[in-house]
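Scope of the values below: all heavy atoms of this structure, side chains included, with no hydrogens, waters or symmetry mates.
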Amino acid sequence: MKHLKEPEYTKLLEYQRNGLIEQVHFGILIHMNKNGIIKKIGNDNNYLFYQRSCMKPIQASLLIDFELDKKFEFTLEEIAVCCASHTGDLIHQNIIKSILKKINASTDDLLLNPHTPLSVDEQKRLIINNLPAEKIHNNCSGKHSAMLAICKHNNFDISNYNDINHPLSEIVINKVCSLCETKKSEIVISKDGCGLPVAAVTLEQLGKGFLNLFLDPKYKKIKDAFLNYPYLIGGKQRLDSEIINISNNLVAKVGACGLCVVVNLDKKECIVVKIADSNMEARTNVVTQALLQIKWLDTNNVFSSRLNNIYNGEIKSQYGEILGSIMPCFNIN
């Protein structure tokens, strides 16, 4: 691997309380289209970042390439969950069970560990009923179900489909390179938290991958799955779900370590955000502020929607007193 110069992150947010700055967050923010970057805040120096869960819709595009949406008669809901970092609600679980039934697989075939669902409601249900967390509660279980479908179609061994040298990995990485307009020799491959291989590309290449995917009529079902079933992409009070929910032309996907990509389908542009310290609240504020600045969202639909539950720009006490504000330090216009 060639030597990579570290990113030069810039300050994106300040938390101010009574005139004092008590918290700051740094990162990179890119506004771009297929032709390249329109504006960049910070300098990523073409550093490579693992796509994490932003890679999920790119992986799911293989379902369309192999025409598995037709072979297994996948619904838009099932395609959405294949792209999701879901909260493990009952609706997510039932859809995953449906996918597994269609491909003649079971939860035992999923090569991932159970973990506590992100959904508070589902956590309560498990506690009340003294039930353990299961594999389908894992927020990557939809992606794994999609990978099982690809393996079943190609007669691949499913006992080790998460191996980095498995033929599934080669297919997925080649797809990443195709959509993100890069070469295998120019990326870095590791494993994601759920055990599947994950690719590292530049932020601009990640943006290209999303634009090439969501603007291609071939992948209309993936686009429609995001637009019609935003809750399935994440869940309650999840940034990507709430952005999609309050618009009719934006698709969004978050990834671990401070990543988020938002595509404007009408303008054929996207923004890519990377928060240096991976803080989720900072990511929410930076993404929302950026969308407000470039007028992809307006204050009326932000503050009158569920997005207001996770973004309001205010620092409050436990009693609801406004103590300070979360201030953007960038201008993406």
Side-chain angles (χ1 to χ4, degrees), residues 49-69 71-72 74 76-86 92 95-96 99-100 103 105 109-112 138-154 156 158 160-182 184 187-201 205-214 216 218-226 229 232-234 240 251-257 259-261 263:
F49 296 93
Y50 291 110
Q51 296 181 334
R52 305 302 298 270
S53 287
C54 288
M55 191 166 146
K56 289 176 178 175
I58 294 174
Q59 288 169 294
S61 69
L62 289 166
L63 299 177
I64 309 301
D65 292 345
F66 287 116
E67 297 188 341
L68 303 189
D69 55 317
K71 177 178 180 178
F72 295 117
F74 286 145
L76 289 183
E77 294 98 320
E78 289 165 343
I79 291 172
V81 169
C82 287
C83 300
S85 300
H86 63 77
H92 296 112
I95 292 172
I96 291 166
I99 295 170
L100 293 174
I103 66 174
D109 296 318
L110 297 172
L111 299 180
L112 49 88
N138 190 303
N139 69 336
C140 292
S141 55
K143 173 177 72 173
H144 277 251
S145 299
M147 297 303 100
L148 273 176
I150 295 167
C151 288
K152 288 275 188 173
H153 173 74
N154 288 285
F156 292 158
I158 66 170
N160 65 336
Y161 70 82
N162 60 351
D163 192 290
I164 208 160
N165 296 312
H166 192 281
L168 173 67
S169 176
E170 182 177 4
I171 291 174
V172 170
I173 296 304
N174 286 339
K175 189 63 188 181
V176 169
C177 291
S178 174
L179 285 175
C180 296
E181 300 181 20
T182 186
K184 192 172 181 179
I187 68 174
V188 176
I189 302 168
S190 183
K191 278 204 167 188
D192 212 336
C194 68
L196 285 176
V198 64
V201 300
Q205 288 167 345
L206 176 58
K208 284 183 179 178
F210 269 66
L211 291 170
N212 287 331
L213 172 63
F214 285 103
D216 188 339
K218 177 181 178 180
Y219 301 112
K220 182 178 183 297
K221 284 187 178 179
I222 294 180
K223 179 192 72 174
D224 289 347
F226 271 72
Y229 299 99
L232 298 180
I233 299 301
D240 40 16
V251 295
K253 184 70 189 76
V254 298
C257 293
L259 286 174
C260 184
V261 184
V263 177

Does the pair Tyr50 and Leu259 meet the rule for a side-chain contact (heavy atoms from CB on, under 4.5 Å), with working shown? CA-CA 9 Å; Tyr50 291 110; Leu259 286 174; over 6 Å; no
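- Taking the side chain as every heavy atom from C-beta outward, Val201 and Lys208 never approach each other to under 4.5 Å.
- The two residues Ile164 and Lys191 come nearest to each other via the heavy atoms N-CE, 4.2 Å.
- Scanning both residues, His166 and Cys151, for their nearest heavy atoms gives CE1-SG, 4.0 Å.
- Every residue two or more places apart in sequence or in another chain that forms a side chain to side chain contact (heavy atoms under 4.5 Å, CB included) with Ser53 is listed here: Lys56, Ser85, Lys253.
- Leu110 is listed as a side-chain neighbour of Leu100, based on a closest heavy-atom distance under 4.5 Å.
- Checked options Ile79, Ile64, Val81; the residue passing with Phe74 is Ile79 (criterion: side-chain contact (heavy atoms from CB on, under 4.5 Å)).
- The environment of Glu181 atom CD is dense: over 12 non-hydrogen atoms of other residues, nucleotides or ligands sit within 6.0 angstrom.
- For Tyr219, the side chain to side chain donor-acceptor pair (under 3.5 Å) partners two or more places apart in sequence, or in a different chain, are Asp65, Lys175.
- Two residues are said to be in side-chain contact when any heavy atoms from C-beta on lie closer than 4.5 Å; Leu179 and Ser61 meet this criterion.
- The distance from atom CD of Gln205 to atom CG of Asn212, rounded to the nearest 0.5 Å, is 11.5 Å.
- Ile95 places none of its side-chain heavy atoms less than 4.5 Å from the side chain of Tyr229.
- At least one donor-acceptor pair under 3.5 Å links the side chain of Asp216 to the backbone N or O of Lys218.
- Rounding to the nearest 0.5 angstrom, the gap separating the CZ atom in Phe210 from the CD atom in Gln51 is 7.5 Å.
- Closest heavy-atom contact between Ile150 and Leu168: CG2-CD1, 3.8 Å.
- Nearest heavy atoms, Leu112 versus Ser141: CD2-CA, 3.9 Å.
- Within the 3.5 Å criterion, the main-chain N or O of Cys140 finds a donor-acceptor partner in the side chain of Asn138.
- Asn162 pairs by the side chain to side chain donor-acceptor pair (under 3.5 Å) definition with nothing, not counting sequence neighbours.
- One distance of note links CD1 of Ile158 with CG of Asp109; it measures 4.0 Å at 0.5 Å rounding.
- Listed here is the closest heavy atom pair of Lys152 and Ala105: CE-CB, 4.1 Å.
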After noting the C-alpha distance and the side-chain angles of Met55 and Val172, does the key distance pass the side-chain contact (heavy atoms from CB on, under 4.5 Å) rule? CA-CA 10 Å; Met55 191 166 146; Val172 170; 3.5 Å; yes
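- The six-membered or imidazole ring of His144 lies near that of Tyr161, with a centre-to-centre distance under 6.0 Å.
- Residues Ile187 and Ile173 have side chains in contact (heavy-atom distance under 4.5 Å, counting atoms from C-beta outward).
- Heavy-atom contacts from other residues, nucleotides or ligands closer than 6.0 Å to NZ of Lys71 number more than 12.
- Inter-residue side-chain proximity for Val261 and Phe214 is flagged as unmet; no heavy-atom pair is nearer than 4.5 Å.
- Listed by chain and residue number, Asp240, Ile243, Ile244, Val262 satisfy the side chain to side chain contact (heavy atoms under 4.5 Å, CB included) test with Ala252 (two or more places apart in sequence, or in another chain).
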Working note: Phe226 + Val263, criterion side-chain contact (heavy atoms from CB on, under 4.5 Å); need CA distance, chi angles, decisive distance, verdict. CA-CA 11 Å; Phe226 271 72; Val263 177; over 6 Å; no
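- With contacts defined as side-chain heavy-atom distances shorter than 4.5 Å, the pair Ser169/Asp163 does not qualify.
- Between the CD atom of Glu78 and the CD1 atom of Ile103 there is a distance of 10.0 Å, given to the nearest 0.5 Å.
- Side-chain atoms of Leu63 and Cys82, non-hydrogen and from C-beta on, do get closer than 4.5 Å to each other.
- Between atom CG of residue Leu213 and atom CD of residue Gln59 there is a gap of 11.5 Å, rounded to the nearest 0.5 Å.
- Shortest non-hydrogen contact noted between Cys180 and Leu206 is SG-CA, 4.4 Å.
- Remark: His92 engages no residue in a side chain to side chain donor-acceptor pair (under 3.5 Å) (not counting sequence neighbours).
- Contacts of Asp69 classified as side chain to side chain donor-acceptor pair (under 3.5 Å), with partners at least two apart in sequence or in another chain: Lys221.
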